[in-house]
2 protein chains.
Amino acid sequence: MTSTHQPAESTGRPLRRDAERNRERIIAAARAVFATRGLAATLDDVAHHAGVGIGTVYRRFPSKEALVEAALDERLDELAATVEAALEAPTGWDGLTGLLRQVAEMHAADRGLRDLALGGGWTMGHHERIGTRMVPLITRLIERAQAEGSLREDVTAADVPLILMMISEVALHSHPVRPDAYARYLQLLIDGLRRSPDHGDLGRALSQDDVDAVALHWLPSSESRRAPSPS
Amino acid sequence: MTSTHQPAESTGRPLRRDAERNRERIIAAARAVFATRGLAATLDDVAHHAGVGIGTVYRRFPSKEALVEAALDERLDELAATVEAALEAPTGWDGLTGLLRQVAEMHAADRGLRDLALGGGWTMGHHERIGTRMVPLITRLIERAQAEGSLREDVTAADVPLILMMISEVALHSHPVRPDAYARYLQLLIDGLRRSPDHGDLGRALSQDDVDAVALHWLPSSESRRAPSPS
DNA sequence: GTTAAGTGGAGATGGTTCCTCCGCATCGCG
DNA sequence: CGCGATGCGGAGGAACCATCTCCACTTAAC
């Protein structure tokens, strides 16, 4: 099927200067467009935003997935670094709540990152399910905070992605009106995480598999919410 | 637009017996289908589920909106009744938390109801924005719980819809795997609502208009409305 | 100046949904 | 029973949308 044209990537040959410039424009445009419209943005949008034709985008990036990866790969690394940094915090509680706040802010600021980090399948080209990579770290953070006595005993690492999904959902929909609204509800959840004798029973915790399944249902590969017709 | 054919509803004439039976089958099917698939379900789904042709559905209900109204009108009344009943609770705290739990459960069990109750515009044919009707009641409930000293001072009635949106979102996506998962996160939020000296600052509350705008963006009549295009 | 590399964007392709149309089936009255 | 009036099914029209291909044309680079 690829007999007709050869993507320049696959040959080691360097790109012509204008082509290289366009490639970078496309990546920059992808970052901007995905950040505001999420991964559901069309490649036409990206192309137009970059000031190039659609064909140019497809010649450089064989599929949308490849472009997403090129655009967001390092943002994912930043995310991972944030988790690692949280372990350095003076207390487990500060580390955990700081982490939640930082990641929530990142997701609020970059919808594409959110789609990629919390979404189930999607690209995950060669970077394994990011969540899975971070779970051990988060588990350590949580155990530490629980040992310190500040975090309630019945939360688990599996709750972190769910909390982030809820909060980023608020961020997403409140963004045009009150871009800071998500922080209010994150604070409410954080206050609920604190150990207290008044607190109620959380019921059964979610397993890691449950979380993966929920993530998959949350942002299915193409978020094609067809709209009701408001006549 | 309805010039070509005359829906039987508009004439006062009674339906033929088979037609009346079909009408009821359609409404029953609509309730079932909307409950599981949400208002995004297609009328073809409903028709098939009812065992009738699509044409039959459209003859009886001039638009999808009309069917939604016929199917969910009384469920909305139940919702309103639940809010009113919450005022009878022994304490404001019990009333509020019980209300949250009941409504969350209703939304978890009936996705169409959730779409209608929390969604911004949609039908609202003759029942005004439901939320607006309930706000005064919820405000009283909250003030009572705050006066009792159990509810933190910095929450407002406007937080209730947002909480329900978050929680019903969890219910929606976790349903196939762990249909009870939403209750866990609702409990977390409820624990965050309790007055406590440890709790952090929630920041600026949302106004009623903010809530309406968020609701409109949450279940938009069209998710992908052309945003100001890049150029 | 030559030529390979690069370009743009219309449109093929495949997907969705809402709703209409009309030949035929069924009801129920006289 | 017979015969309008009423109701029926569901193919398909119309309108959307996104991904990706193709090729006549432009441009870089030597």
Side-chain angles (χ1 to χ4, degrees), chain A residues 1-26 30 33 37-68 220-231, chain B residues 1-26 30 33 37-68 221-227 229:
Chain A
M1 61 168 84
T2 55
S3 55
T4 48
H5 79 276
Q6 190 77 310
E9 299 337 352
S10 62
T11 92
R13 194 122 35 83
L15 295 168
R16 226 166 68 177
R17 204 173 298 161
D18 55 340
E20 181 56 36
R21 195 184 50 219
N22 277 344
R23 207 191 96 99
E24 256 139 49
R25 271 204 204 148
I26 290 167
V33 169
R37 299 223 221 307
L39 298 188
T42 71
L43 289 210
D44 298 46
D45 271 341
V46 174
H48 192 247
H49 194 275
V52 304
I54 310 147
T56 302
V57 176
Y58 279 99
R59 194 171 322 100
R60 227 37 86 204
F61 303 94
S63 70
K64 186 179 187 174
E65 202 175 292
L67 176 57
V68 169
S221 63
S222 122
E223 176 156 353
S224 57
R225 256 153 226 203
R226 214 1 120 262
S229 88
S231 48
Chain B
M1 60 167 73
T2 54
S3 55
T4 46
H5 78 277
Q6 191 77 311
E9 302 331 355
S10 62
T11 91
R13 193 125 34 85
L15 294 168
R16 228 166 67 176
R17 204 171 300 160
D18 54 342
E20 181 57 35
R21 196 184 47 221
N22 277 343
R23 206 191 96 99
E24 256 140 48
R25 270 202 205 150
I26 290 167
V33 170
R37 298 223 225 307
L39 297 188
T42 70
L43 289 208
D44 300 58
D45 272 340
V46 175
H48 192 251
H49 195 276
V52 305
I54 310 147
T56 304
V57 175
Y58 279 99
R59 193 171 320 99
R60 227 37 87 204
F61 302 94
S63 71
K64 186 177 187 174
E65 203 175 292
L67 176 57
V68 168
S221 46
S222 68
E223 161 107 16
S224 55
R225 258 296 164 263
R226 267 277 168 271
S229 184

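The sequence lines fix the lettering, A, B, ..., with proteins before strands; numbering per chain opens at 1.
- Atom pair B/Glu65:CD and C/dT17:P shows a separation of 19 Å (rounding to whole Å applied).
- Here the C1' atom of nucleotide C/dC18 and the CZ atom of B/Arg59 are 16 Å apart, to the nearest Å.
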Would you check, one step at a time, whether the test side-chain contact (heavy atoms from CB on, under 4.5 Å) holds for B/Thr42 with B/Arg37? CA-CA 9 Å; B/Thr42 70; B/Arg37 298 223 225 307; over 6 Å; no

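- OP1 or OP2 of C/dT7 sits under 4.0 Å from a side-chain N or O of A/Arg60.
- Here the P atom of nucleotide C/dA10 and the OH atom of A/Tyr58 are 15 Å apart, to the nearest Å.
- Between A/Thr42 and the phosphate of D/dA18, there is no side-chain N or O to OP1/OP2 separation shorter than 4.0 Å.
- At whole-Å resolution of the value, CG in A/Asp45 and P in D/dC17 are 11 Å apart.
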One pair to check against side-chain contact (heavy atoms from CB on, under 4.5 Å): B/Lys64 and B/Leu67. What are the steps and the verdict? CA-CA 5 Å; B/Lys64 186 177 187 174; B/Leu67 176 57; 5.6 Å; no

Output one letter per nucleotide in nucleotides 25-30 of chain D: B when a protein non-hydrogen atom lies under 4.0 Å from the base, S when only the sugar-phosphate is that close, - when neither is. --BSS-

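- Comparing B/Gly55 and A/Gly53, the nucleotide of DNA chain C nearest to each residue sits closer to the 5' end for A/Gly53.
- A heavy-atom distance below 4.5 Å is not found between the side chains of B/Ile54 and B/His48.
- Between B/Arg25 and B/Gly51, the shortest heavy-atom distance links the atoms NH1-O, 4.5 Å.
- Between B/Leu43 atom CG and C/dC19 atom C1' the separation is 9 Å, expressed in whole Å.
- Across the protein-nucleic acid pair, A/Ile26 atom CD1 and C/dT7 atom C1' stand 11 Å apart, rounded to whole Å.
- Nucleic acid contact class of A/Asp44 (heavy atoms, under 4.0 Å, all strands): base.
- Annotation: side chain of B/Leu15 is in contact with side chain of B/Arg23 (closest heavy-atom distance under 4.5 Å).
- At the phosphate of C/dG6, neither OP1 nor OP2 sits under 4.0 Å from any side-chain N or O atom of A/Asn22.
- Residues B/His49 and B/Val46 are not in side-chain contact: their nearest non-hydrogen atoms beyond the backbone lie 4.5 Å or more apart.
- A residue-by-residue look at A/Ala41 and B/Gly51 shows that B/Gly51 has its nearest nucleotide of DNA chain D further toward the 5' end.
- Between the CD atom of B/Glu20 and the P atom of C/dC27 there is a distance of 15 Å, given to the nearest Å.
- Under the rule for a salt bridge (charged side-chain N to carboxylate O under 4.0 Å, His left out), B/Arg21 has no partner lying at least two apart in sequence or in another chain.
- Going from atom CZ of A/Phe61 over to atom P of D/dT21 covers 15 Å, rounded to whole Å.
- Each of B/Thr56 and A/Ile54 has a nearest nucleotide on DNA chain D; the 5'-most of these lies closest to B/Thr56.
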